Peer 1: 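One structure is given below, represented as structure tokens, and several questions about it will come after.
Quick note: residue numbers are just sequence positions, from 1. Just so it is clear, the structure is predicted and the values come from calculations on it, not from any experiment.
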Amino acid sequence: MTSGLIQPTGGVIYESSRFHIHQDVTYPIRGLVILASKRHFYGMDELSDEEQVEYISLIHRIRSAQRTKLGIEKVYYFYNEDTTHHFHLWMVPRYEWMSQFGKSVESLRPVLLHARNNLNDEENMRSVIEGINILKDFFKNEP
């Protein structure tokens, strides 16, 4: 996906020479964002100086758009270093319906599974795609 060979459903939210922002609609949660490096590495300590600056800037911009454009008040951030892919950060919004799974990091997996198994209906997918388009517009219009 980061090389452009595969297009994510809803399209790319933003892309630079170092990073790629998209949503994995396998987990149809409006505003869920994945920030992925294009360069293959696995740990936060492997970011170059330039990547560090851009990475933090992109996280800030994504979070700002989630809050101001999508009304998302809380987000869980998740990344792991034992992935078979390369470095990527998940920014998972917290919605009221998620409270049934708890409020700790332990709730993240059940929330994602619930979304994958129960929220793939047409109405929710329209909302997810609309959220992707709102984020795309934000990145097009933000310097």
Peer 1: Please determine whether residues L113 and V92 belong to a single hydrophobic cluster, defined as Ile, Leu, Val, Met, Phe, Trp and Tyr linked transitively by side-chain heavy-atom distances below 4.5 Å.
Peer 2: no

Peer 1: Quick check: closest heavy atoms across V25 and N120, and the distance to 0.1 Å?
Peer 2: O-OD1, 4.0 Å

Peer 1: Please lay out, stage by stage, how I72 and Y95 fare under the test side-chain contact (heavy atoms from CB on, under 4.5 Å).
Peer 2: CA-CA 8 Å; I72 296 168; Y95 291 105; 3.5 Å; yes

Peer 1: Any donor and acceptor pair, going by atom type alone, linking the side chain of S57 with main-chain N or O of V53 inside 3.5 Å?
Peer 2: no

Peer 1: Return yes when atom CD of E50 has more than 12 non-hydrogen atoms of other residues, nucleotides or ligands closer than 6.0 Å, and no otherwise.
Peer 2: yes

Peer 1: Answer yes or no: is there a side-chain heavy-atom contact under 4.5 Å between I34 and H22?
Peer 2: yes

Peer 1: Using the rule given for side-chain contact (heavy atoms from CB on, under 4.5 Å), can you reason through Q52 versus D49, listing the C-alpha separation, both sets of side-chain angles and the distance that settles it, and then say yes or no?
Peer 2: CA-CA 5 Å; Q52 290 174 46; D49 291 343; 3.5 Å; yes

Peer 1: Could you state the interatomic distance from OH (Y42) to NE2 (H88), rounded to the nearest 0.5 Å?
Peer 2: 11.0 Å

Peer 1: Quick one: are D24 and R116 in side-chain contact, heavy atoms under 4.5 Å?
Peer 2: no

Peer 1: Does the distance from a Lys or Arg side-chain N to an Asp or Glu carboxylate O, for R126 and E130, drop under 4.0 Å?
Peer 2: no

Peer 1: Under 6.0 Å from the six-membered ring centre of F87 and within 45° of its axis: does the NZ or CZ of R39 meet both?
Peer 2: no

Peer 1: Test your reading of the model: is there a side-chain donor-acceptor pair from Y79 to the backbone of M44, 3.5 Å cut-off?
Peer 2: yes

Peer 1: Taking K38 for its side chain and E15 for its backbone only, find out whether a donor-acceptor pair lies under 3.5 Å.
Peer 2: no

Peer 1: Tell me the closest heavy-atom pair linking P28 and L119, and the distance in Å.
Peer 2: CG-O, 3.4 Å

Peer 1: Let's go through I21 and L135 carefully: what are the C-alpha distance in whole Å and the side-chain angles of both, what is the deciding distance for side-chain contact (heavy atoms from CB on, under 4.5 Å) to 0.1 Å, and is it a yes or a no?
Peer 2: CA-CA 10 Å; I21 301 170; L135 293 174; over 6 Å; no

Peer 1: To the nearest 0.5 Å, how far apart are CG in L58 and OH in Y14?
Peer 2: 6.0 Å

Peer 1: As an exercise, state the distance from OG of S107 to NE2 of H114, rounded to the nearest 0.5 Å.
Peer 2: 12.5 Å

Peer 1: Under 3.5 Å, is there a donor-acceptor pair linking the side chains of S37 and E51?
Peer 2: no

Peer 1: Examine distances only and state if a side-chain atom of Y76 and a backbone atom of K103 form a donor-acceptor pair shorter than 3.5 Å.
Peer 2: yes

Peer 1: Evaluate side-chain contact (heavy atoms from CB on, under 4.5 Å) for I13 paired with I62, printing each intermediate quantity in order.
Peer 2: CA-CA 10 Å; I13 294 170; I62 294 165; over 6 Å; no

Peer 1: Quick one: are V75 and R67 in side-chain contact, heavy atoms under 4.5 Å?
Peer 2: no

Peer 1: First locate atom NZ of K136, then atom CG of N141, and finally report the distance between them rounded to the nearest 0.5 Å.
Peer 2: 13.5 Å

Peer 1: With a 4.5 Å limit on heavy-atom distance, are the side chains of Y77 and R63 in contact?
Peer 2: yes

Peer 1: Decide yes or no for L47 and F41: does some side-chain heavy atom of the first lie under 4.5 Å from some side-chain heavy atom of the second?
Peer 2: yes

Peer 1: Please work out which of the three classes, parallel, tilted or perpendicular, describes the rings of W97 and F101, given edges at 30° and 60°.
Peer 2: perpendicular

Peer 1: So, does Q23 use its side chain to make a donor-acceptor pair with the main chain of I29 at under 3.5 Å?
Peer 2: yes

Peer 1: With rounding to the nearest 0.5 angstrom, report the CZ to CD distance, R61 to E142.
Peer 2: 6.5 Å

Peer 1: Would you mind reporting whether P110 and Q100 have side-chain heavy atoms less than 4.5 Å apart?
Peer 2: no

Peer 1: Please report the interatomic distance CD1(I134) to CD(Q66), rounded to the nearest 0.5 Å.
Peer 2: 12.0 Å

Peer 1: Within a radius of less than 6.0 Å around CD of E106, do more than 12 heavy atoms belonging to other residues, nucleotides or ligands occur?
Peer 2: no

